[in-house]
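Have a look at the structure below, then the notes.
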Amino acid sequence: MFPYEGKLQVLRSSNAYSPSDIKEVINLARMHNFEVIPLVQTFGHMEFVLKHESFSQLREMKMYPNSLNPHKKESMELVKSMIDQIMAMHKDIKWVHIGSDEVYYLGEGEESKKLIEQSQTNVDSLFLSHVKAIASYIITTHPGVKPILWDDMLRNITEDKLKEFMLCQFVEPMIWDYNTNLDVHKMMLQIRKYQSAGFSQIWFASAFKGATGAAQSLTPISYHLTNHLQWLKVVEALPRDSPQLQGIAITGWQRYDHFSVLCELLPVGIPSLAVSLQTLKNGMFSEKEEDLVKKCLGFKTFRINFLSIEDAGNFPGSDILSRITQIITYLQESVDKLLEENMYIKGWFSNYHRKRKFVHPIIIRHFEGEVRSVHANWETAISELRTALEGIYYPDTVEEWLEEHVNPAFTRLQQFVQDMDEALASGNLK
């Protein structure tokens, strides 16, 4: 979505933001006392770059476009160019996030394997050398800006190794855990290791949507609430001499990676975001916090798990939440019930009958009205959802969501109606 230029222009989405869009977002953020921290992937999750033929030679593994080859000079030139363009659009920032999570298959490329076999390096050194070089470049070319990176690749690196590379002088780790069973004791051990390795500032990261399924469409609020309550326990357990907690990033996933399907859309996740924010702000989620969420989002009733279609609030995007909830909850179920449980359809207009377009003229009266009613109701509901989505999203996003969550069930229903109409029109009533 970033409007890369020059050799990087191929990275642009067809719907990429314009420079003026980005300026407007930054200005709106300032107006509302938000601080913008851009994130650019620089090692792992580089699919959006390495999928392109012009950059495919920079893959760690030739077959996989996820991780960057840290040995090639062009790899560092690429990352520096990306950083420079992003920094040019974000003046006066204090931090930039350099990603660096889930660098899968690092050390398995031909160049890496050769060096590792010759005992010239190891996977930990490969990772630390690359992120240190990137962070050093940022600090040198953009004084006053501190790089942040995801911490997962650091978790199994020894304290001594981290000290050897003096990583604490270059980056601030963002420790992420999105699970309900976040282990507070284990987390404290991890924080102590980072402290011993010299890190004086740390960040946490939770999630208000995403993280519960690659194709998840409705946000389980209670799951994310539990995760945030666990993070509060971690904060309470921090000793006075622990690294300074800079803040917590409440992530909201849109995809698991560049190639995966859409997970929960933002309007669907807004109630969970409100619950998450109130929980972290007040250190709990009691009746008082719940009442405030209800008031702010216009709910008459509020369920901490999946919300009901009867009351989806009146916040911007609530119409999308209501219609998506309706479709996810009832579309597949209603089509299955109609076509698989109706005795007249199963007995007298089965797949065998539909293929040959014949049906008993008396029997069709037992299901035609219900079929047409169900079809018309869903046709209206889907049309209303499409209109609501088109008010916010680009056409490709609308089509992707409908293809994933609507078409499998609704197309089946449409095909049944078409077969019924053709059987009636053919006069092949026997």
Could you report the tightest heavy-atom contact between A237 and V184, atom names first, then the distance? CB-CG1, 4.4 Å
Whether over 12 other heavy atoms sit under 6.0 Å from Y178 OH: yes
Could you go step by step and tell me if R255 and L262 meet the side-chain contact (heavy atoms from CB on, under 4.5 Å) rule? CA-CA 5 Å; R255 301 181 191 274; L262 291 164; 3.5 Å; yes
Under 6.0 Å from the CD atom of Q9, do we count more than 12 heavy atoms belonging to anything else shown? yes
Evaluate the side-chain proximity of V123 to E108: yes if any heavy-atom separation is below 4.5 Å, no if none is. no
Going from CG on N122 to CG on L126, what distance comes out if it is rounded to the nearest 0.5 angstrom? 7.0 Å
Report the C-alpha distance between I22 and F2 in whole Å, list the side-chain angles of each, state the deciding distance to 0.1 Å, and finish with yes or no for side-chain contact (heavy atoms from CB on, under 4.5 Å). CA-CA 9 Å; I22 294 175; F2 187 81; 3.7 Å; yes
Thinking salt bridges, do E384 and R323 make one under a 4.0 Å N-O criterion? yes
Given the side-chain rings of W203 and W150, with only the six-membered ring counted for Trp, is the space between their centroids under 6.0 Å? no
For the pair L389 and L265, evaluate side-chain contact (heavy atoms from CB on, under 4.5 Å) and give the outcome as yes or no after the intermediate values. CA-CA 10 Å; L389 289 172; L265 300 178; 3.7 Å; yes
Any chance you could measure N407, atom CG, to L413, atom CG, to the nearest 0.5 Å? 12.0 Å
Classify the side-chain pair E60/S112 by whether it contains a donor and acceptor separated by less than 3.5 Å. yes
State whether R412 and E340 are salt-bridged, where the test is any N-O pair (Lys NZ or Arg NE/NH1/NH2 against Asp/Glu carboxylate O) under 4.0 Å. yes
Just checking Q120: does its CD atom have more than 12 heavy atoms from other residues, nucleotides or ligands closer to it than 6.0 angstrom? yes
Around atom OH of Y256, are there more than 12 heavy atoms of other residues, nucleotides or ligands at under 6.0 Å? yes
CZ of F259: more than 12 outside heavy atoms within 6.0 angstrom? yes
Minimal heavy-atom distance between V268 and L321, with the atoms involved, is CA-CD1, 3.9 Å
Quick one: is the NZ or CZ of R155 closer than 6.0 Å to the six-membered ring centre of W176, and within 45° of its axis? yes
Strictly by modelled atom types, are N179 and N227 linked by a side-chain donor-acceptor pair under 3.5 Å? no
Spacing of CG belonging to N27 relative to NZ belonging to K23, to within rounding of 0.5 Å: 9.0 Å
Can R386 and E399 be counted as an ion pair, charged N to O under 4.0 angstrom? yes
Pairs where residues 128-148 contributes a residue and the test side chain to side chain donor-acceptor pair (under 3.5 Å) is met, not counting sequence neighbours: D84-Y137
Going by atom types alone, do E289 and S286 pair a side-chain donor with an acceptor below 3.5 Å? yes
After noting the C-alpha distance and the side-chain angles of S125 and K161, does the key distance pass the side-chain hydrogen bond (donor to acceptor under 3.5 Å, both in side chains) rule? CA-CA 8 Å; S125 295; K161 195 74 173 178; 2.8 Å; yes
Rounded to the nearest 0.5 Å, how far does CG of L58 lie from OG of S75? 4.5 Å
Looking only at heavy atoms, which two atoms of P173 and D151 are closest? And how far apart? CB-CB, 4.2 Å
Do any N or O atoms from the side chain of S383 and from the backbone of T380 form a donor-acceptor pair under 3.5 angstrom? no
Output, in order, the C-alpha distance, side-chain angles, deciding distance and verdict of salt bridge (charged side-chain N to carboxylate O under 4.0 Å, His left out) for K113 and E117. CA-CA 6 Å; K113 276 186 175 180; E117 287 171 358; over 6 Å; no
Considering residues, nucleotides and ligands other than N181, do more than 12 of their heavy atoms fall under 6.0 Å from its CG? yes
Does the side chain of K281 pick up a donor-acceptor pair with the side chain of Q278 at under 3.5 Å? no
For Q195, enumerate each residue passing the side-chain hydrogen bond (donor to acceptor under 3.5 Å, both in side chains) test, keeping only those at least two apart in sequence or located in another chain. none
Decide yes or no on side-chain contact (heavy atoms from CB on, under 4.5 Å) for M89 and Q85, but give the supporting numbers first. CA-CA 7 Å; M89 289 295 301; Q85 291 194 28; over 6 Å; no
Would you mind checking if D421 and R372 are paired as a salt bridge, meaning a charged N to carboxylate O distance below 4.0 Å? yes
Checking T251 against W253: is there a side-chain donor and acceptor pair closer than 3.5 Å? yes
Search all heavy atoms of I191 against all heavy atoms of P243 and return the closest pair with its distance. CG2-CD, 4.1 Å
Heavy-atom nearest pair, P147 first then I139, reads CD-CG1, 4.0 Å
For the residue pair F302 and F299, categorise the inter-ring angle as parallel (less than 30°), tilted (30 to 60°) or perpendicular (more than 60°). perpendicular
Decide, yes or no, whether a salt bridge links E77 with K72 under the criterion of side-chain N to carboxylate O below 4.0 Å. no
Could you measure the distance from the CD1 atom of I148 to the CD1 atom of I37? Nearest 0.5 Å is fine. 4.5 Å
Please determine whether a side-chain nitrogen of the Lys or Arg among K163 and E159 lies less than 4.0 Å from a carboxylate oxygen of the Asp or Glu. yes
Aromatic ring proximity, centroids under 6.0 angstrom, H375 and F410: yes
ring-ring contact (aromatic ring centres under 6.0 Å, His included) partners of residues 213-250, not counting sequence neighbours, each pair once: F204-W231
Please round to the nearest 0.5 Å and tell me the distance separating atom CG of L385 and atom CD1 of I327. 4.5 Å
Can you establish whether the number of heavy atoms outside E110 located under 6.0 Å from its atom CD is more than 12? no
Is the number of heavy atoms from other residues, nucleotides or ligands under 6.0 Å of Y394 OH greater than 12? yes
Please give me the minimum heavy-atom distance between V406 and L331, naming the atom from each residue. O-CD2, 3.8 Å
Can you find a side-chain donor-acceptor pair between H45 and E102 that sits under 3.5 Å? yes
Side chain proximity check, V275 to F208, heavy atoms < 4.5 angstrom: no
Going by the angle between their ring planes, with limits at 30° and 60°, are Y194 and F199 parallel, tilted or perpendicular? perpendicular
